[in-house]
2 protein chains.
Amino acid sequence: MSTQHINQLDHCPRPLRADAERNRTKILDAAARVFAERGLDATLDEVAAAAGVGVGTVYRRFADKETLIGALFDNGVDEIAELASRAHEMSNSWEGLVWFLEQALERQCANRGLREVVAESSYAEVRLDDAKRRIVPALGRLVERAQCDGYVRDDVVTTDFAIFEMMISSLGNKTSSVAPELWRRYLRIILDGIVVARQRPSVLDTVPDDAIMGEVLRSAHRLARRAH
Amino acid sequence: MSTQHINQLDHCPRPLRADAERNRTKILDAAARVFAERGLDATLDEVAAAAGVGVGTVYRRFADKETLIGALFDNGVDEIAELASRAHEMSNSWEGLVWFLEQALERQCANRGLREVVAESSYAEVRLDDAKRRIVPALGRLVERAQCDGYVRDDVVTTDFAIFEMMISSLGNKTSSVAPELWRRYLRIILDGIVVARQRPSVLDTVPDDAIMGEVLRSAHRLARRAH
DNA sequence: AAATAAACGGAATGAATATCTCCACATAAC
DNA sequence: GTTATGTGGAGATATTCATTCCGTTTATTT
């Protein structure tokens, strides 16, 4: 209503009370942990509990769940877009491409929330959507360069890589609690599938032993079951 | 209670009334369609509507959702286990392995319900579980044979193939409405990644044009969003 | 053409599960 | 000590399903 009020919103809102600021941080930290582990379907009640505050406190600081998610993953998505640019500056195009995939997947496999924000579009916020739109074209430039240089076979296409990321990161999320680095194995195999020619396969990380691999399959199952 | 009653259950239950039998078939058909398209989360109300009957009718014929799903996918899972055996009888071990993967994926990519029954364990019924337990060992024999014959690199492992199936079929489900055969492309690429040596990549199906590939990414998103 | 047992439809029930609001009470700031 | 701010968490509200119930309809039998 008042001019003063407008100024507060637009310019220099009165700083939060000390305890409120402290709580805001606790909430963001907790939300980061909870969404990373459980994905965006996690309840704000869970977040509040993890932060050691009441739900009401969460809602006073963030208008709703979507806003919180926006505040939380804004950086993350942006960073991925950024990585693609940085990869483009690396001198070897193949190494650049692989480096980008590894960096992006490292983040998305360890963070289910981030993956869901990037790969699925639940809770698409404007700023997030904006950052996301930069990823595919940047990836495209990486791929094309690696093809021109004769590293990547010509019959693959930018979208293929987006799909590799979807496939691998969704697996990564499912197995991250049991074998957090397993996704690298499947990235390696897929990369071996898209290089122009190879005499020998590249070296895979050693397989986790059978007990763990069994657990991997089972953990994928269990995660799906949690939906109900 | 009565002997007569027990006999009805165990031996030759009085046949259903003609209309009831007709409806039972309509329900099974509809359920097959609905679960194939929408997955096991589809409501029995949806199934009933698709069958053109009331929910009550569904429940008179099938004790509950799980029973219906069991009746519906029993064959499907069994058939996949069967395919693995048949593949083992093919003379060329590589062709056998590829043939099995293609056959199994063909079924699972076109049928989201079947995929969920095999890959996830929601609604695990006893008989289904039983059939499922046969798949991995059978697959294992296929893989080992192809490795002995020098087709498949030695550093991959049976579980890897189970994971390939998970990755590809989940993608296949997501894209089946837009590009129903696209999964073959990624199977090809992964296979190129796990052969012992290759000079040239194998031939990929032509990529759907950009418009469709864009739609593919978007459809993956949209499907995820439906969860909320 | 009754009479009867079987089957039907679909509104209603009840159990989860979520998001978001409200307000009596607490506490930082001055 | 006063006051503007902030807090907790019970509950209002909504949604979504599986499953049940019962008044009505229909096939079958006689």
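The structure presented is a predicted model; accordingly, all values stated were derived computationally and were not measured.
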> Kindly give the atom pairs (protein nitrogen or oxygen, nucleotide nitrogen or oxygen) under 3.5 Å for nucleotides 23-29 of chain D.
residue	atom	partner	partner atom	Å
D:dT26	O2	B:Arg17	NH1	3.1
D:dT26	O2	B:Arg17	NH2	3.4
D:dA27	O4'	B:Arg17	NE	3.4
D:dT28	OP1	B:Ala18	N	3.4

> Where does the angle between the aromatic ring planes of B:Phe164 and A:Tyr186 fall among parallel (under 30°), tilted (30 to 60°) and perpendicular (over 60°)?
perpendicular
> Each nucleotide N or O in nucleotides 1-4 of chain C that has a protein N or O under 3.5 Å away: list the pair and distance.
none

> Sequence neighbours left out, what passes side-chain contact (heavy atoms from CB on, under 4.5 Å) with A:Asp210? Give chain and number order.
none
> Going by number, which of residues 48-61 of chain B have a non-hydrogen atom under 4.0 Å from DNA chain C?
B:Gly52, B:Val53, B:Gly54, B:Val55, B:Gly56, B:Thr57, B:Arg60, B:Arg61
> Rounded to whole Å, please give me the gap between CG in A:Asp41 and C1' in C:dA16.
15 Å
> What residues, two or more places apart in sequence or in another chain, satisfy side-chain contact (heavy atoms from CB on, under 4.5 Å) together with A:Tyr59?
A:Leu44, A:Val55
> Ignoring the backbone of A:Ala20, work out which of C:dC8, D:dG6, D:dA18 is nearest its side chain.
D:dG6
> Excluding sequence neighbours, so at least two apart, what forms salt bridge (charged side-chain N to carboxylate O under 4.0 Å, His left out) with A:Glu82?
none
> List for me each residue that meets side-chain contact (heavy atoms from CB on, under 4.5 Å) alongside A:Asp205, sequence neighbours excluded, and say none if there are none.
A:Arg184
> Between P on C:dA7 and CD1 on B:Ile27, what's the gap in Å once rounded to a whole number?
12 Å
> With A:Arg134, which residues qualify under salt bridge (charged side-chain N to carboxylate O under 4.0 Å, His left out), at least two apart?
A:Asp78
> Taking only residues two or more places apart in sequence, or in another chain, which ones meet B:Ala110 in a side-chain contact (heavy atoms from CB on, under 4.5 Å)?
none
> Less than 4.0 angstrom between a side-chain N/O of B:Asn23 and OP1 or OP2 of C:dC8, yes or no?
yes
> Atom CZ of A:Arg24 and atom P of D:dT5: how far apart are they, to the nearest Å?
18 Å
> Atom CG of B:Leu68 and atom P of D:dT19: how far apart are they, to the nearest Å?
11 Å
> How many whole angstroms separate atom NZ of A:Lys65 from atom C1' of C:dT17?
11 Å
> If I take atom CZ in residue B:Phe35 and atom C1' in nucleotide D:dA18, what distance separates them, rounded to the nearest angstrom?
12 Å
> Once salt bridge (charged side-chain N to carboxylate O under 4.0 Å, His left out) is applied, do any residues pair with A:Asp29, and if so which ones, sequence neighbours excluded?
none
> Run the side chain to side chain donor-acceptor pair (under 3.5 Å) test against B:Ser177 and tell me which residues pass, sequence neighbours left out.
none
> My understanding is that only residues two or more places apart in sequence, or in another chain, count here; which of them pass salt bridge (charged side-chain N to carboxylate O under 4.0 Å, His left out) with A:Glu37?
none
> Just N and O in the side chain of A:Arg14: are any of them under 4.0 Å from OP1 or OP2 of C:dA29?
no
> Nearest whole angstrom, please: distance from the P of D:dC17 to the CZ of B:Arg38.
10 Å
> If each of B:Glu21 and A:Ala42 is mapped to the nucleotide of DNA chain C with the nearest heavy atom, which maps nearer the 5' terminus, i.e. the 5' end?
B:Glu21
> Considering only NZ, NE, NH1 and NH2 on the basic side and carboxylate oxygens on the acidic side, decide whether B:Arg24 and B:Glu21 come within less than 4.0 Å.
yes
> What is the separation between atom CG on A:Asp45 and atom P on D:dT13, rounded to the nearest whole Å?
18 Å
> Classify the side-chain pair A:Asn173/A:Ser176 by whether it contains a donor and acceptor separated by less than 3.5 Å.
no
